Each structure stands twice: as structure tokens, then as C-alpha cells.
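When a ligand or atom number is given, it counts from 1 through the structure's own listing order. It should be emphasised that the depicted structure is a prediction, and the values quoted were computed from it without experimental measurement.
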Amino acid sequence: MIRIEPNMAAHHEPPPLIFVIFGASGDLTHRKLLPALYELHRKGDIHPKTRIIGVARKDKSSQGFRKEAVDGIRSFSRHLPEDPKDDPEDLKAFLERIHYFPLSFERSDDFDRLAEYLLDPEILKVVNGNILFYLATPPAFFIPIVEQIGRIRPRLDSSGRNGFTRLVIEKPFGHDLPSAKALNKSVLSVFREEEVHRIDHYLGKETVQNILILRLANPVFGALWSRDVISCVEIRVFETIGIEGRGAYFEKAGILRDMVQNHLFQLLTLTAMEPPVSFDADSIRDEKVKVLRALVPWKGGAPSESILFGQYAEGGVLDEPVMAYRQEKGVEAGSVVETYAAMKVEIQNMRWAGVPFHLVAGKRMSRKATEIVLHYRKPPVALFRLAGCHDDTENVLTLSIQPNEGISLRFGIKRPGSPLRIDQADLTFAYNQIYPDDPPEAYSRLIYDVMIGDATLFARNDEVEKAWAFMEAFLSLNRDPKLYPAGADGPQEVVDFFSIDLS
Ligand SMILES: NC(=O)C1=CN([C@@H]2O[C@H](COP(=O)(O)OP(=O)(O)OC[C@H]3O[C@@H](n4cnc5c(N)ncnc54)[C@H](OP(=O)(O)O)[C@@H]3O)[C@@H](O)[C@H]2O)C=CC1
Ligand SMILES: O=C1O[C@H](COP(=O)(O)O)[C@@H](O)[C@H](O)[C@H]1O
């Protein structure tokens, strides 16, 4: 029987604030931020006085911006009906919160105008002086915008306001270690670390958060979470989509920067970290950083031996023909940029030494699947085999993060009758059987946390730098990716690459 307990965790009322979105006409704002803000508005998880100021280059009215916002919410959120005639009442109140402010990131005088606008008593005072700056812009603008905020901040701060100032940054947090350090340096010259929220949307996913609940609220699993019993951990993020028209971006990023350095490392650190001393942002992030400090290529060997690069060729995904990566718009005809990477790493600490962690990320795979799979060791004596009974039992714990959120545990059972036979069975738990409503969007959860000032689900500066520091040796490798047809689960070489003795 499944017991659903009343939610005892404290629910914080977000304070009123001015939510300034730089890059307000961009793809991220339309697909994710405005739909998430509308979801929060509907749930009453945004203060009635909170005002959203969209900032971007093109000149347009607030009315024009509101119209674009509704189009975005209608297309990308499940909360608006297809027919505008059926729009709910609360949409009007939401739109009244939204305003547009044209500004060029390259013009200092535009930022002076922004400061003046914010200092208007009708604006900042109404929200007790609280400001949240959200950088939803191409990364090249992160430092210039932070510098401009640094320039106007003394003016905002000397206005007698008592409110907070927070900064949200979107990935990528740099493209290598030096650029990540430069970004952190710039940000921390204007903001204190506790004012900064670096978004990795994987941390907003419900089942990613469930990794810690599974481990730390359930001694039965917590006790079975180390090299003593685990032989191998697989973390895989398979996507069926390709690069979605982002050829120019992907040519510079590749899957290592796009997925592994951030999302897969978040899954890795949450899976491998020690229990924190308390459930607060810094205690959790301290433990995640320790995992990254102990991370080495498999057996401490050469990075080139611990990675396999792949790139999708022409093929078919979900019964649709798909072009090769090299044929995508914005991609060089002879590009060697990887759309797939398989890595073998080790965490050289007391809990994990000697356990291979297999990390795999790939575009244009046969299916969408984000999973963490823990393989358990076999018994020290193969009792049933010695008795002549076929026994393939392997205990496997699978945490499915998407698309079907759930947990399953595989174990061996006796087949009824004789002779003695052992079959495999799964104990499974599927989220949607118990919670039929769709889970909240990752961005809603993360934006709510920024508004209440909880940084637990955000990356800290040292965490980002440690992840890049580990990645450096891999980024400089000659790629020479193995080709795989779109729709296959990576290059065939991966079978040999991962053929480590799991017993
Ligand atoms: N898109 C996505 O799904 C995801 C994006 N991200 C990250 O989010 C960030 C934003 O990405 P995305 O929304 O795709 O970017 P877009 O290129 O779609 O948006 C760019 C925005 O910046 C504005 N802008 C560009 N140059 C200037 C300028 N000189 N002065 C003023 N405004 C300017 C544009 O305004 P205008 O239209 O007026 O020119 C537009 O609003 C990036 O860091 C990206 O890596 C992270 C995860 C997912
Ligand atoms: O950050 C990114 O993530 C998406 C995958 O996100 P998901 O929530 O659908 O798993 C990826 O497609 C994109 O390339 C990358 O920039």
C-alpha cells in the first residue's frame, strides 16, 4: 500500500520583487521562463506585487511584449487552451504584471535609464526594494551585463532600499576552466555568492531530487550504496532529438560541454556524494564538490583511454528519417564535433574506489531515456550454479528520471516446481501511478527557489570550476568521433569500451 502523507515541509511565501529578465524576447524566455512564471502565478506562488520586466534590444511596447508572452505560454505550457476565447481569468492578472524595457547590452546609458526606471517609487518601493536579475542572454553578454549591473548597483543600493539583489545565470557557465573562472570572478565582484543562482535545469526535475530522498530517507537503500555491494554505476542521458537548429552553437560546444560537464555531472555528484551534515544548500554542495575533487579517469589512467566520442550519421529515429550531423545547418561538412560521449570514471574515495562509473550522453539515440543504473555484485559463492542450476541473477537498481519517472529493482526468484530454476523479476514503482498529475516544470521549481532565496538546487562557483577542471584534459583531446547511424544507441565500439568485468 502506498501512503501519501500530508506535505509537512514548510511552504515559504515568496516576497514581492522586480523580476528583470535580460534576453526577454529569446527562446529560453518564451519556451521556459514565461510559462514557468505563469504556472507560479496560477498556483499563487508568486507575490501579488511582483512585477516582471522584460529587457531586450528591439523596441516594442509592453502590450506587444505581452502578446508575444501569451503566444509563448500557449505553445509551450499545458496551462493555456488552444482557443484564446477559453483563456482563464487569471491570465489577465498575470499579463498586468509584465512590462517591457528596450535596452542594448552594449550601451551604458541604457543601463542608466534602467536604474532610473527601477528607482521610480512606483516600482522598487512597492516590492520592498527586492530585485532579481535573470540573464537569459547569449553567454557572450554575461560579463558585460554583470559589469553594467555592477556600475549601477551603488546607485540602486544608495537609494535607501533595504531589499535583496539576486542574480540568476543560465548555463553555460564558461566554455572551459579559464572562462569559467573569469565569469565567476566577474560575477563575484558585483554579487556575493549567496546572491547568485546558477541554473542547471536537471536539478529542478522531481526525480533528480528524488535521488537524495531514495538514498537518505530509506536506510534499506542507503546501506546498499557503496563499493562493498555495487560493481558498476551507469548514468545515461539518451535523447532522440538532434541539435534542433543550433548548429553554430553545437559546433563550439559538442556534447561534452552541452550535457556532460553540467547535467551528467549533477546526476553523478548526487548519486555519489556522502550524506550531508544537514539538508541545506551549502552542506549539500560541499559534498558534491568533494565528489568532483575525487574524480579521476578510470583507474587514474590517461583521459584518452577513458572516453569514446561518437557522431550521428544519417539514419532513422522513431521511424522518421534523419540527416547526419554533418548535414545540419551551421555544421562544417567535415566536422569532428561529438554528438555522443561515453566516459569511464572513478571516484577515488573510501566509498567508491574501484567502482567504474559509466557516463553516456548521446543525441539521436533510439529512445529518450535518462537513467541511473546501479549494478550490484554477485554473491561470493555461486551456490546455485554449483548445484547445477542456471543462475543469471544480477541485482540492478534503476532510477528512471525521464521520460517515465520511476524506480525498479531487479532480483532473482525461484520458478515454481522442479527442477530448480531461477528467473528474474522486477519490483517497480512508477510515479504516474500514484501522482497522475504532470510533475511541476523544472523551471517553476527553480524560479520559486530563487524567489525564496534557497540555493540548494543551484550550482556553486567552486562546483562549476571543479567540473571544468576535470573536463579540461578531455576537452583538449583529438575527437576523431566514431560514426553511428541516427537511431542506434551510439557507435558499436562502445560494447568493447565498456566491457569491464562487472563481477
Ligand atoms: N533556449 C534554451 O532552451 C536554453 C537556453 N539556455 C541558455 O539561455 C541563454 C539564452 O538562450 P536563448 O534564449 O536560446 O537565446 P536567444 O538567442 O534566443 O535570445 C537572445 C536574447 O538576447 C537579446 N539580445 C541579444 N543581443 C542583444 C543586445 N546586444 N542587446 C540587448 N538584447 C540583446 C535578444 O533580444 P532581441 O530579440 O531584441 O534582439 C533576445 O531577447 C543562453 O545562455 C543559453 O545557453 C539554457 C538552457 C536551454
Ligand atoms: O541543456 C540542455 O538540455 C537539453 C536536454 O534537456 P532535457 O530536459 O530534455 O533532458 C538538451 O537537448 C540540450 O542540447 C542542452 O543544451
Exercise for review: Go through ligand 1 atom by atom and flag the ones less than 4.0 Å from a non-hydrogen atom of Ala136.
Suggested key: 9 (C), 10 (C)
Review point. With only distance considered, is Arg31 within less than 3.5 Å of ligand 1 through an N or O on each side?
Key: yes
Exercise for review: Answer yes or no: does an N/O atom from Ala56 fall short of 3.5 Å to an N/O atom of ligand 1?
Suggested key: no
Check your understanding: What do you reckon, are the aromatic ring centroids of Phe101 and Tyr117 less than 6.0 Å apart?
Key -> yes
Exercise for review: For the residue pair Phe111 and Val55, establish whether any side-chain heavy-atom pair is separated by less than 4.5 Å.
Suggested key: no
Check your understanding: Going by atom types alone, do Glu463 and Gln266 pair a side-chain donor with an acceptor below 3.5 Å?
Key -> yes
Check your understanding: Between Lys482 and Gln492, do the side chains contain an N or O donor and an N or O acceptor separated by less than 3.5 Å?
Key -> no
One pair per line, please: each N/O atom of ligand 2 matched with every protein N/O atom under 3.5 Å away, atom names first, then the distance to 0.1 Å.
unit_1	atom_1	unit_2	atom_2	d
ligand 2	1 (O)	Lys171	NZ	2.8
ligand 2	1 (O)	His263	NE2	2.8
ligand 2	6 (O)	His201	NE2	3.2
ligand 2	8 (O)	His201	NE2	2.8
ligand 2	8 (O)	Lys205	NZ	2.6
ligand 2	9 (O)	Lys368	NZ	3.2
ligand 2	10 (O)	Tyr202	OH	2.4
ligand 2	10 (O)	Gln402	NE2	2.6
ligand 2	12 (O)	Glu239	OE1	2.6
ligand 2	12 (O)	Lys363	NZ	3.1
ligand 2	14 (O)	Arg246	NH2	2.6
ligand 2	14 (O)	Asp258	OD2	2.6
ligand 2	14 (O)	Lys363	NZ	2.7
ligand 2	16 (O)	Lys171	NZ	2.9
ligand 2	16 (O)	Arg246	NH2	3.2
ligand 2	16 (O)	Asp258	OD1	2.6

**Study point:** Heavy-atom proximity to atom 31 (C) of ligand 1, best of Ile199, Leu28, Leu103
**Key:** Leu103
Practice item. Give the minimum heavy-atom separation between Leu103 and Arg113, together with the two atoms involved. Key: CA-NH2, 4.3 Å
Check your understanding: What about Thr29: any of its N or O atoms under 3.5 Å from an N or O on ligand 1?
Key -> no
Check your understanding: Under 3.5 Å between some N or O of ligand 1 and some N or O of Leu135?
Key -> no
